[in-house]
Amino acid sequence: MALGDLMTSRFSQLSLAVSNHVMDGNGSNGDYLEDAASADMASQRRDFDTASTSSYANAVASSATVPTTMAYLPQTIVLCELRHAAFEASTPTGPSDSGLVSKWRPKDRMKTGCVALVLCLNISVDPPDVIKISPCARMECWIDPFSMAPQKALETIGKNLRDQYERWQPKARCKVELDPTVDEVKKLCNTCRRYAKSERVLFHYNGHGVPKPTANGEIWLFNKSYTQYIPLPISDLDSWLRTPSIYVFDCSAAGMIVNAFIELLDSGTSSYPGSARDCILLAACEAHETLPQSAEFPADVFTSCLTTPIKMALRWFCTRSLLHESLDCSLIDKIPGRQNDRKTLLGELNWIFTAVTDTIAWNVLPHELFRRLFRQDLLVASLFRNFLLAERIMRSANCSPVSYPMLPPTHQHHMWDAWDMAAEICLSQLPALVEDPNAEFQPSPFFTEQLTAFEVWLDHGSEHKKPPEQLPIVLQVLLSQCHRFRALVLLGRFLDMGPWAVDLALSVGIFPYVLKLLQTTTPELRQILVFIWTKILALDKSCQVDLVKDGGHVYFIRFLNSVEAYPEQRAMAAFVLAVIVDGHRRGQEACIEAGLIHVCLKHLHSSMQNDVQTEPLFLQWLCLCLGKLWEDFTEAQIIGLQADAPAICAPLLSEPQPEVRASAVFALATLLDIGFDSFRDGVGGDEECDDDEKTRAEIIVIIKSLLNIVSDGSPLVRAEVAVALARFAFGHKQHLKSIAAAYWKPQSNSLLSSLPSLANINGTGSGNIVSSQIGPLIRVGNDNSSVVRDGRVSTSSPLATAGVMHGSPLSDDSSQHSDSGILNDGISNGVIRHSRSKPLDNAMYSQCVPAMCTLAKDPSPRIATLGRRVLSIIGIEQVAKSVKSAGSSSARPGEPTTSSTTPSFAGLARSSSWFDMNGGHLPLTFRTPPVSPPRQNFLTGMRRVCSLEFRPHLMNSPDSGLADPLLGSSSGVSERSLLPQSTIYNFSCGHFSKPLLTASDDSEELLAIREERERFALERIAKCQHSSVSKLNNNSQIASWDTRFETGTRTALLQPFSPIVIAADESERIRVWNYEEATLLNGFDNHDFPEKGISKLCLLNELDESLLLVASGDGNIRIWKDYTVRGKQKLVTAFSSIQGHKPGVRSLSTVVDWQQQSGYLYASGEISSVMIWDLDKEQLINSIPSSSDCSVSALASSQVHAGQFAAGFVDGSVRLYDVRAPDMLVCATRPHTQQVERVVGIGFQPGLDQGKIVSASQAGDIQFLDIRNQRDAYLTIDVHRGSLTALAVHRHAPIIASGSAKQLIKVFSLEGEQLGVIRYQHTFMAQKIGSVSCLTFHPYQVLLAAGAADACVSIYADDNSQTR
């Protein structure tokens, strides 16, 4: 539905507005939405690309028409979302419930329960210290005392005053004492305090018939016979009334009393300790002043301002306004309407007056004081608002009212002008309304104008400018239906400016208003109310309690369930509900009663049924909401499992957005407790058997789904998987420990000698590589003799599987397969095991252990840490930390001594808990030597660890909310709290505390940079294409850099827009060098456990803020940002690009290439397929079988045609693939036929021609192929006989370069003409120079960087470039 004209400005397209800045690369929004235009363009482009895949030729034809600039300048940007900002560095925090937050809450709401009115008028007898003028102010409570008999007048005035106070606080009890004695006042005070208990008491003193207060702070009363004035010290009054109290003194020199009071409080002699705590005073004038006597004022002008402000204000204004001639002041008493009915004239005036005084106070007072005086107690707030009026009116008569706490002067605040104008407009209608009671009353434009002022502030204001002074008025406007919608929309825009704005709004007192509005049913308010609550809860979680108490959660569940709302807004409702149930048992129960689980599952299910892509943010928050609902709440988990939640959530694990996948993992993980939770407290009897089976089946579904994504491309997702497996491991650790023990059996001799490749281990002193599954556990030999041969063991070897087959961990005598009887799972040493987890099937456990190991070896440090924590739960501990020099003495240079991909695991030992008991102190961990020690010479680095950790099992009380059967007795800290915690919920909350309606400011700057770079690139591309390349030879060298890599340069990369070269070596050190200034900018380790060098460096998003992709030889990909600034590099993401090695092969020669157009990373190596990763989704989207028995040795992706890449194989064959073609393979050919040698380099020829490829084999021949003419190469150059090591093809210029092991680089044109030879110079020390290891061209200039085994990187430019 359209949202109404008002909203069109911002909110009308909340769905769009919420993120029309994703493309700006500031990533504030996840990849949820794109600006309509760019999304449209992108989709057209996509349609263009996929328009016709019927045959390859068509695809070629269609994409050839893509405009050139588009083809050369990819529009894709990847990895710039919120989640990439600091995944490794920080742990996000969700909405807080302390700090900045809770300050806005009125700590102790209070009310004034009793009002004591003391009138000392002694009518007709003037006090001795007053000389009255004539005519003189006479009115008291709007009554002329001389118009009736003195006693009657006194009583009428007393009654009037009482009525005036009761209008402000109808429930308070009012007691009046007329011309009293000291004893009567004492009795009155004591009665009031007794009645009010701990509530506030108001004491009002009118001293117009007695002398001024004394300098000692005494007020005057009478004796019984009215012959004397009797003083009453203020200290006595204070001791009778005690605290909390508020005093109003309407008499001349009232400031004396205030001064005396302050002295009393300062000296601390007040009889009631802490009376300073809550004591408020209002006095009519300063200590040296007398009350105004002018007849235009009433005698009690101060009291009139405080209790009848509208009448007083209008009478005062009337005499000063232009209206005073035409308007009879007596009409003011006839203003029609009621004060609390805003649709009447009197009601509207009262409402405007409240708004004006509130606004003045909020803008002038410190917020703390404002909250205390204007938000804590209704009567105090009214009196202080009216006190501001008293200050304005009495200052005009040279009299300054005083208060304690003191307020800054407000009588000249410009908001009074707004009040005067509103008053004038209302008064001008008065004669007509009085004459004709049925006349239509025209509402004042005051609120509309103030909202417009607020809107203007919103357009120009910011956190660093003065806050909008109209905020309290916006609050008042929420009370009126006619302005409410506009006010809420503007309020929403304000709250969107950031947490500071939410805090301001809350401190003004917005909370009760928006809470109340949840009871309205007006449909057009729903979206904006949900938005406002999203903003409030993103800052302050503590509101969950109020929402549940008021039944507010039902409002959001209804909204979540309404199909007509935008999905982004329903996502907000899901967020609000997730916060309501987050760690709040009452909230969880209330939402379950309201059917939230079924609502969420229903929408998840239906979104999976539709083909239309559901808004990812919505799916993400449905999952998070379910997860928070199930977290630590068994009943909810059972409902979820019965409703088939695992089957509904599992498909989300393949959604394109990492946030959605991670949230789905979180939801599934919270259900894992059930496996061992529902069986505590002795529940699981026979009658539960069917349920039990279903539960186990569901748990198995969950675990299987999780195991499928252990190698997901996003660290966000893998972190959640690790947390989930930790929960699972914790619940099933008995069974997992025995499986793990079998998995890492300390190889008994019989088993070892049964392996042919290990049979000769005795006496040779050389260790051996064991299959990659066991490898991580074994550190081979003594350091000096750790010579490693390439003896590989197939993963299906008996060594890898025997342990799992042998001795089922579920049988009672499971101790038979654990050589020292550690793993006795049943009854061990007479201690009964209390864990009640029902075992799942064994296969499940044995799949979990390798998955946990995979996580422990993750390329992301944070996940590897999580993975190690999971392993420690199942009793596997890390022994050896770092083995940086592991490969130094091995037979092959650089070959590591263990076969794990990350030797962080080089020694793992198993620690199996016997029985967990803890005698009221920290666990004692004994590491005992193994009973049957393994052979010394084989496993010196291996340790068996038996830890005796004593922990008693206290059965949990059902209401403790911890789903944990093991609670330490002394500390009371649950082992559960030591489990790693999920971060996806807190991370996701961050989305809502950022501005959702406006683009961020830096987007224009980024666009400008991008445009500048595009212009530069296009100029350079044109130059490259049209100028002939002149010679490149030794004289062309413009820079040479000694990288100081011990092992030589493995790969290099030239930056496109700055004179920077990046190089990397075998031990995965990366160095960044500025070749114009010859300075080293940065150097860092790709990771702590280098293995096999870096196989490729690529630049992502080169036209924007570029990222450095570093591919290691083992297939691990790490992507860095800020890599050119020393010490500031940050890991953006990391994943393993190669999965499914051929049996017995450990890939150490991964080849990858990056394609910016499509956002794809292609990876292959010693595996039988090419993996295609979509870095935008951080997901493996395809795995193309390489249809060849041999592995891929070179990969190149087309830089102009998205989805197209070429692969060269070890047997010399070349294949061209296109992900858009039906079977992906476009054609295959074997150009390298003279000698069958591996393809060393491959590349697409420059230009838009799709089928032209250059391929170079190790034999030394370079073949120029045109795939459309498939028979054979159209040009062959024989360059380096048998020693070709590197090939580079320029992206735009018609030039290629090849390097050889004989320190030669040759440069050719595309016609095969040799353009130059570069012979490597002898280096400084004249040592033997290694072969050319890498060649790379600058993307937009004719610059060639060459690296060699001698750690030197040289840069060559052709003559044209040099002259330029």
Side-chain angles (χ1 to χ4, degrees), residues 111-125 127 138-197 199-210 213 219-226 229-230 232 234 236-238 240-242 245-251 254 257 280-284 298-309 311-312 379-380 382-383 386:
K111 70 181 210 285
T112 302
C114 206
V115 176
L117 306 174
V118 174
L119 295 169
C120 299
L121 290 176
N122 197 7
I123 294 171
S124 76
V125 180
R138 285 159 79 173
M139 308 281 260
E140 300 274 357
C141 293
W142 304 106
I143 287 171
D144 182 351
F146 298 104
S147 60
M148 52 187 91
Q151 190 51 36
K152 183 157 189 280
L154 188 60
E155 285 164 13
T156 316
I157 291 168
K159 180 180 172 305
N160 261 15
L161 184 60
R162 178 173 164 169
D163 295 346
Q164 283 168 205
Y165 268 112
E166 279 177 346
R167 193 176 304 136
W168 295 107
Q169 180 75 307
K171 296 201 173 100
R173 183 183 241 176
C174 278
K175 292 188 174 304
V176 188
E177 283 291 351
L178 305 171
D179 292 352
T181 62
V182 172
D183 288 344
E184 285 166 342
V185 170
K186 179 175 182 178
K187 187 174 158 210
L188 170 73
C189 291
N190 287 329
T191 315
C192 285
R193 173 48 65 205
R194 220 178 18 255
Y195 175 78
K197 302 195 176 71
E199 291 179 339
R200 200 186 297 279
V201 175
L202 182 139
F203 180 86
H204 178 104
Y205 171 76
N206 175 329
H208 295 175
V210 289
I219 54 175
W220 294 98
L221 301 168
F222 300 99
N223 64 356
K224 275 209 169 67
S225 55
Y226 296 99
Y229 299 115
I230 309 288
L232 166 64
I234 206 74
D236 292 3
L237 194 56
D238 176 51
W240 303 331
L241 270 183
R242 302 209 290 278
S245 54
I246 175 168
Y247 297 88
V248 177
F249 295 109
D250 186 352
C251 56
I257 312 170
I280 296 169
L281 293 95
L282 298 174
D300 62 350
V301 55
F302 187 59
T303 302
S304 299
C305 287
L306 292 183
T307 56
T308 53
K311 186 171 179 176
M312 189 65 230
L379 183 60
V380 171
S382 305
L383 287 174
N386 303 344

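Atom set for the values below is all heavy atoms of this structure, side chains included, hydrogens, waters and symmetry mates excluded.
- Taking the side chain as every heavy atom from C-beta outward, L379 and L383 approach each other to under 4.5 Å.
- Considering only heavy atoms from C-beta on, M312 comes within 4.5 Å of P298 through its side chain.
- Below 30°, between 30° and 60°, or above 60°: for F222 and Y226 the angle between ring planes is between 30° and 60°, a tilted geometry.
- Smallest separation of non-hydrogen atoms from E199 and R193: O-NH1, 2.9 Å.
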Inset, instruction - For D250 and H208, run side chain to side chain donor-acceptor pair (under 3.5 Å): C-alpha distance rounded to whole Å, both residues' side-chain angles, the deciding distance at 0.1 Å, then the answer. - result: CA-CA 8 Å; D250 186 352; H208 295 175; 3.1 Å; yes

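- Two residues are said to be in side-chain contact when any heavy atoms from C-beta on lie closer than 4.5 Å; C251 and I257 meet this criterion.
- By the 4.0 Å N-to-carboxylate-O rule, K159 lies close enough to D163 to be salt-bridged with it.
- The only option from L117, L237, L221 that meets the side-chain contact (heavy atoms from CB on, under 4.5 Å) definition with Y205 turns out to be L221.
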Inset, instruction - Carefully, step by step, assess W142 and T308 under the rule side chain to side chain donor-acceptor pair (under 3.5 Å). - result: CA-CA 10 Å; W142 304 106; T308 53; 3.0 Å; yes

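- Contact annotation: the side chain of N386 approaches that of W168 to within less than 4.5 Å [non-hydrogen atoms, C-beta and beyond].
- Atom CD1 of I246 is separated from atom CG of L241 by 12.0 Å, given to the nearest 0.5 angstrom.
- Residues C174 and Y165 come closest through the heavy atom pair SG-CB, 4.3 Å.
- Put simply, CG on L154 and OG on S124 are 10.5 Å apart, with the number rounded to the nearest 0.5 Å.
- Residue W240 forms a side-chain contact (heavy atoms from CB on, under 4.5 Å) with just one option from C192, S245, C189, and that option is C189.
- Taking both residues in full, the closest heavy atoms of P150 and I123 are given as O-CD1, 3.7 Å, listed atom of the first, atom of the second, then distance.
- Side-chain contact between L121 and I157 is present, with at least one heavy-atom pair separated by less than 4.5 Å.
- Atom CZ of R200 sits about 4.0 Å away from atom CD1 of I280, to the nearest 0.5 Å.
- Contact annotation: the side chain of F249 approaches that of I234 to within less than 4.5 Å [non-hydrogen atoms, C-beta and beyond].
- Across A116 and L188, no two heavy atoms sit closer than the pair CB-CD2, 3.7 Å.
- Here the NZ atom belonging to K152 is positioned 8.5 Å from the OG atom belonging to S147, to the nearest 0.5 angstrom.
- Distance SG/C114 to CZ/R194: 10.5 Å, rounded to 0.5 Å.
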Inset, instruction - Give the intermediate values and the outcome of side chain to side chain contact (heavy atoms under 4.5 Å, CB included) for residues T191 and K175. - result: CA-CA 9 Å; T191 315; K175 292 188 174 304; 3.8 Å; yes

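- Looking at heavy atoms from C-beta onward, V118 lies in side-chain contact with P180 at the 4.5 angstrom threshold.
- Under the 4.5 Å side-chain criterion, counting only non-hydrogen atoms from C-beta, H204 is in contact with L161.
- In this structure, T112 and A172 approach most closely via the heavy-atom pair O-CB, 3.6 Å.
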